[in-house]
Amino acid sequence: MKVLVVGGAGYIGSHAVRALEESGHEAWVFDNLYQGHRGAVPADRLIEGDLLNPADLAAALDKSGAEAVMHFAALALVGESVTDPAKYYSNNVVGALNLLDAMREKGIWRIVFSSTCATYGVPPSSPIDESMPQVPINPYGDTKLAIEKALDAYSHAYGLGVAALRYFNAAGSHHSGEIGEDHDPETHLIPIVLQVALGQREHVTIFGDDYPTPDGTCIRDYIHVEDLCSAHVAALERLEQGQMMKLNLGTGNGFSVKQVIDACRKVTGHEIPAVMGERRPGDPAALVANSSKAFETLGWKPKYTSVEEVVASAWRWHQANPNGYAN
Ligand code: UFG
């Protein structure tokens, strides 16, 4: 299939491009390079453009000959979404609706959409399954839920085939060592801890140790980015017209902030000083996926189940590329 990967120069998008190519598909990238990296994608497959410019989208769908779209291009910083919601509604909602309009115009009916466990807000219990209420607690989660709802309606009315994939915490890097995680600013736990190991930061601050978890720090479900992307390809290949899949993508294993830091110490052999800090607003105590629906629907299972393996994969990239794509 020819697939336009919107946001394909970003962290997860660039790994999706690799996963598509490895499965025999033809991946094209549409990206404005705001967060994406030119070095993350093949130059002859990159179409620069902006979601907020419908003419750019129409041209990209034509040039790629796309039969399907994977949509990763979203802003994803929870804190920034609280202080600058207009930016989030514009990019994540208006941009996504522009994309859906452009697809309808061209008769493209397959879409895989990056959704998030942030749509669950503070879940009533953990692990989280897809039937739990979606009550986001920040504008970022609201924008993702708004598009899930639009996709539901469009699927019903216009026959769109949709996979809305609710990610837990993506981590790790491609096995080739050629692409990995490079955010500016970096806010995610694993890359921050590895920056301490590299001597780029003095310490990691643990955001609160008074949560109702065994060691008091927040628990998350860290899914390897290649596992995440193989699920995208499996979903794409199974999509039927008018179908709406909503699937959690996680491993089902939760690790606390302290456990992640310990795993990083073990993998890197560095001491990694950690200091205790305040809670970060908007952090639920535990977010762990029940992904059995994805296992059944997609015939998929994550290959990486230990957090050490995920950290080791991230560490290979960070060690070889201490300045990310700027190297
Ligand atoms: N953390 C620290 N110190 C840091 C960075 C993070 O203690 O310096 C903690 C956080 O408080 C959290 C855990 O490490 O408990 C993981 O934090 P990340 O920022 O790596 O990931 P989040 O779970 O906050 O975010 C992820 C996605 C978001 C998504 C969110 C849904 O990256 O896009 O899940 O809750 F919105």
Side-chain angles (χ1 to χ4, degrees), residues 7 10-13 35 72-82 85 88 91-92 113-123 126-128 132 134-145 147-148 165-172 181-183 185-197 200-225 228 248-251 253-264 272-289 307 310-311 314 318:
Y11 171 44
I12 304 175
Q35 293 279 341
F72 296 92
L75 301 172
L77 299 179
V78 169
E80 187 186 48
S81 80
V82 176
Y88 279 70
N91 186 84
N92 296 4
F113 173 65
S114 298
S115 189
T116 167
C117 61
T119 60
Y120 294 109
V122 180
S126 193
I128 303 169
M132 284 187 184
Q134 287 179 292
V135 194
I137 54 166
N138 51 60
Y140 165 65
D142 285 329
T143 63
K144 288 289 181 174
L145 183 56
I147 296 306
E148 275 203 19
L165 304 179
R166 298 176 186 156
Y167 311 163
F168 284 66
N169 290 54
E181 186 167 12
D182 177 6
H183 291 118
E186 188 52 79
T187 61
H188 296 103
L189 180 64
I190 292 176
I192 284 177
V193 179
L194 296 178
Q195 287 170 354
V196 180
Q200 295 173 337
R201 293 176 190 254
E202 284 182 3
H203 61 261
V204 54
T205 303
I206 298 175
F207 296 148
D209 67 348
D210 57 351
Y211 285 95
T213 60
D215 67 18
T217 66
C218 287
I219 293 177
R220 294 288 181 273
D221 183 339
Y222 296 89
I223 176 166
H224 194 277
V225 64
L228 203 54
N248 285 344
L249 294 180
T251 66
N253 302 315
F255 295 93
S256 72
V257 174
K258 282 186 178 168
Q259 287 176 316
V260 169
I261 297 171
D262 279 341
C264 292
I272 311 187
V275 303
M276 203 51 63
E278 295 291 303
R279 285 187 178 198
R280 185 174 67 177
D283 271 344
L287 293 172
V288 178
V307 76
V310 173
V311 166
H318 286 278

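Just so you know, residue 1 is the first one in the sequence shown, and it goes up from there. When a ligand or atom number is given, it counts from 1 through the structure's own listing order.
Under the 4.0 angstrom criterion, atom 30 (C) of ligand 1 counts as lacking any protein heavy-atom contact.
Atoms of ligand 1 lying under 4.0 Å from at least one heavy atom of I206, given by number and element, are 7 (O). Each of the following atoms of ligand 1 lies closer than 4.0 Å to a heavy atom of Y222: 13 (C), 16 (C). With ligand atoms numbered from 1 in the order given, ligand 1 contributes 36 (F) to contacts under 4.0 Å with heavy atoms of V78. Within ligand 1, the atoms closer than 4.0 Å to a non-hydrogen atom of A118 are 31 (C), 36 (F), numbered from 1 in the order shown.
Taking the side chain as every heavy atom from C-beta outward, Y222 and T251 never approach each other to under 4.5 Å. Using a 4.5 Å heavy-atom cutoff, the side chains of I219 and S256 are in contact. A 4.5 Å side-chain heavy-atom check between T213 and C218 finds every atom pair outside the cut-off. In this structure, Q200 and H318 have side chains that are not in contact, with every pair of non-hydrogen atoms separated by 4.5 Å or more. Between N138 and P281, every side-chain heavy-atom pair lies at or beyond the 4.5 Å cut-off. When side chains are defined from C-beta on, F207 does not count as touching R279, because their heavy atoms never get closer than 4.5 Å.
When all heavy atoms are compared, the tightest approach of V257 to T217 is N-OG1, 3.2 Å. Taking both residues in full, the closest heavy atoms of I190 and A314 are given as CG2-CB, 4.0 Å, listed atom of the first, atom of the second, then distance.
In this structure, CG in L194 is found 11.0 Å from CD1 in I261, a value given to the nearest 0.5 Å. Between atom OG of residue S81 and atom CG of residue N91 there is a gap of 12.5 Å, rounded to the nearest 0.5 Å. Note that OG of S115 and OH of Y167 are 8.5 Å apart. Values are rounded to the nearest 0.5 Å.
Under 4.0 angstrom from ligand 1, there are no non-hydrogen atoms of L77. By the criterion of a heavy-atom distance under 4.0 Å, the side chain of Y140, and not its backbone, is placed next to ligand 1. When heavy-atom distances to ligand 1 are checked against a 4.0 Å cut-off, T187 comes that close only through its backbone atoms N, CA, C and O. Neither the backbone nor the side chain of Y11 has any atom closer than 4.0 Å to an atom of ligand 1 (non-hydrogen atoms only).
Distance from atom 17 (O) of ligand 1 to its nearest protein heavy atom, with residue and atom name: R280 NH2, 3.4 Å. Summary of contacts: the protein heavy atom closest to atom 35 (O) of ligand 1 is L287 CD1, 3.4 Å. Nearest protein neighbour of atom 21 (O) of ligand 1, counting heavy atoms only, is N169 ND2, 3.0 Å. Protein heavy atom nearest atom 11 (O) of ligand 1, with residue, atom name and distance: D283 OD2, 2.5 Å. Among protein heavy atoms, the minimum distance from atom 15 (O) of ligand 1 is reached at C218 CB, 3.0 Å. Looking from atom 3 (N) of ligand 1 to the surrounding protein, the closest heavy atom is T205 O, 2.8 Å. Given atom 9 (C) of ligand 1, the protein heavy atom at minimum distance is V257 CG2, 3.7 Å. Given atom 1 (N) of ligand 1, the protein heavy atom at minimum distance is F207 CD1, 3.5 Å.
Taking the six-membered ring where the residue is Trp, H183 and Y11 present perpendicular rings, their angle passing 60° and hence far from 30°.
For ligand 1, the polar-atom distance check against P284 finds no nitrogen or oxygen pair separated by under 3.5 Å. The shortest N/O to N/O separation between H188 and ligand 1 falls below 3.5 Å. For ligand 1, the polar-atom distance check against T116 finds no nitrogen or oxygen pair separated by under 3.5 Å. Residue L189 places at least one N or O, backbone or side chain, under 3.5 Å from an N or O of ligand 1.
A donor and an acceptor atom, one from each side chain of E80 and Y88, are located under 3.5 Å apart.
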